[in-house]
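The structure appears right after this line, and notes come after that.
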Amino acid sequence: MTFKHNFKKVLSATAFAAALVVAPAANVSAATNDASSTQQSATATSQDQQASQDQAASQSSAANQSSSTSTSSATSTSTVKKVAKKTKKTTKKSKKKAVKKVAKKKATKKKAKKTSKKSTKKTTKAAIAAVTASAGQSQATDQQDDAAKKAAEAVAKKAAAAKKAAAKKAAAKKKAAAKKKAAAKKRAAAKKKAAAKKKAAKKSAEKAAKYWIAMRESGGYYTARNGSCYGRYQLLISYLGGDLSKKNQERTADRYVYGRYGSWVNAKRFWLAHNWY
């Protein structure tokens, strides 16, 4: 019964080792742990087998089965050694793979760090370029604003100058119109004055001619009489209409002279040519 139990343990260890050889190592730590566990199990199995062999040998001697027990024990020991050797080889291979994987992971991490650093540097350069471009654009905008401001100031200045020139021109035109109006007014006044002067001179000449005729006709008396003529201007009595007053004589004499000669001056000229009027 003990021999069968030990034999089953050996078969289990063998199957486990075979499974380890066939199955790939998915995880380095798990494979290592499994290998260690397998080795410990193989060691324990070996110890158990040793104890079983001793016990089997003892029982074999008692039951006259030493030959069969020795053969089975030798087979089990050989199998365990093979399994242990295979397990050791698998463990070594797994460790090597684990070391490679760690190295690869470190290289990947280093590469990622380098890539990240490179990307950061590139991003920083792009940011600096963007800031520089923004600053340049801002400067360009400021320059455009200054240019627009200067242009607006120039336009405003030009408009102010034009307005000033227009105002000056309007003032000059107004002044010229006022001057022209004043000149026209002055001419009109002069003309009026000349006309008044002429009228006054004419009036004076008329008065002088009337006086001159009166002195020649009657010596200036309103009561002088010469035949059918009477008064200061020696008019026919019929002209006076029965009114011998000074006022009527003056009025009738003017009416007669202006009606016959147009003026006392013309009447005087006629008198000088004919000694009567």
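- Heavy-atom contacts from other residues, nucleotides or ligands closer than 6.0 Å to OH of Y211 number 12 or fewer.
- Put simply, CG on N275 and CZ on R216 are 10.0 Å apart, with the number rounded to the nearest 0.5 Å.
- Between F270 and W276, the ring center distance clears the sub-6.0 Å criterion.
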Review point. Should W271 and E217 be marked as a side-chain contact (heavy atoms from CB on, under 4.5 Å) after you check the CA-CA gap, both sets of side-chain angles, and the distance that decides it?
Key: CA-CA 10 Å; W271 199 98; E217 290 292 326; 2.8 Å; yes
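- Shown here is Y222, whose OH atom has more than 12 heavy atoms of other residues, nucleotides or ligands within 6.0 Å.
- Heavy-atom minimum distance, G220 versus R232: O-NH1, 2.6 Å.
- Q234 approaches A224 most closely through the heavy-atom pair NE2-O, 3.2 Å.
- What you find for V257 and A267 is that their closest heavy atoms are CG1-CB, 3.8 Å.
- Separation of atoms CZ (R255) and CZ (R260) is listed at 15.0 Å; rounding is to 0.5 Å.
- Shown here for Y261 and N266, the closest heavy-atom pair between the two residues is O-ND2, 3.0 Å.
- When atom types are taken as modelled, the side chain of D243 and the backbone of N248 share no donor-acceptor pair closer than 3.5 angstrom.
- Across all their heavy atoms, E206 and S263 have their closest contact at OE2-CB, 3.0 Å.
- L235 places none of its side-chain heavy atoms less than 4.5 Å from the side chain of Y230.
- For the atom pair K173 NZ and K180 NZ, the distance stands at 11.0 Å (nearest 0.5 Å).
- For residues 144-201, there are no ring pair (Phe, Tyr, Trp, His ring centres under 6.0 Å) pairs, not counting sequence neighbours.
- For Q249, the side chain to side chain donor-acceptor pair (under 3.5 Å) test picks out no residue, with sequence neighbours left out.
- Separating the NZ atom in K149 from the CD atom in Q144 is a distance of 15.5 Å, to the nearest 0.5 Å.
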Check your understanding: Does the pair Y233 and E250 meet the rule for a side-chain hydrogen bond (donor to acceptor under 3.5 Å, both in side chains), with working shown?
Key -> CA-CA 8 Å; Y233 301 100; E250 293 288 340; 3.0 Å; yes
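- Aromatic ring centres of W264 and W212 lie farther apart than the 6.0 Å criterion allows.
- Following chains of ILVMFWY side-chain contacts shorter than 4.5 Å, one can reach L272 starting from I213, so the two form part of one hydrophobic cluster.
- D146 CG to Q143 CD: the interatomic distance, rounded to the nearest 0.5 Å, is 7.5 Å.
- To the nearest 0.5 Å, the span separating CG on L244 from OG1 on T223 amounts to 10.0 Å.
- A distance-only check finds no donor-acceptor pair linking the side chain of S204 to the backbone of A200 [under 3.5 Å].
- Pairing each heavy atom of K210 with each of D254, the nearest pair is NZ-OD1, 3.0 Å.
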Practice item. With side-chain contact (heavy atoms from CB on, under 4.5 Å) as the test, would you mind laying out the steps for L236 and S228 before giving the verdict? Key: CA-CA 6 Å; L236 292 172; S228 57; 3.5 Å; yes
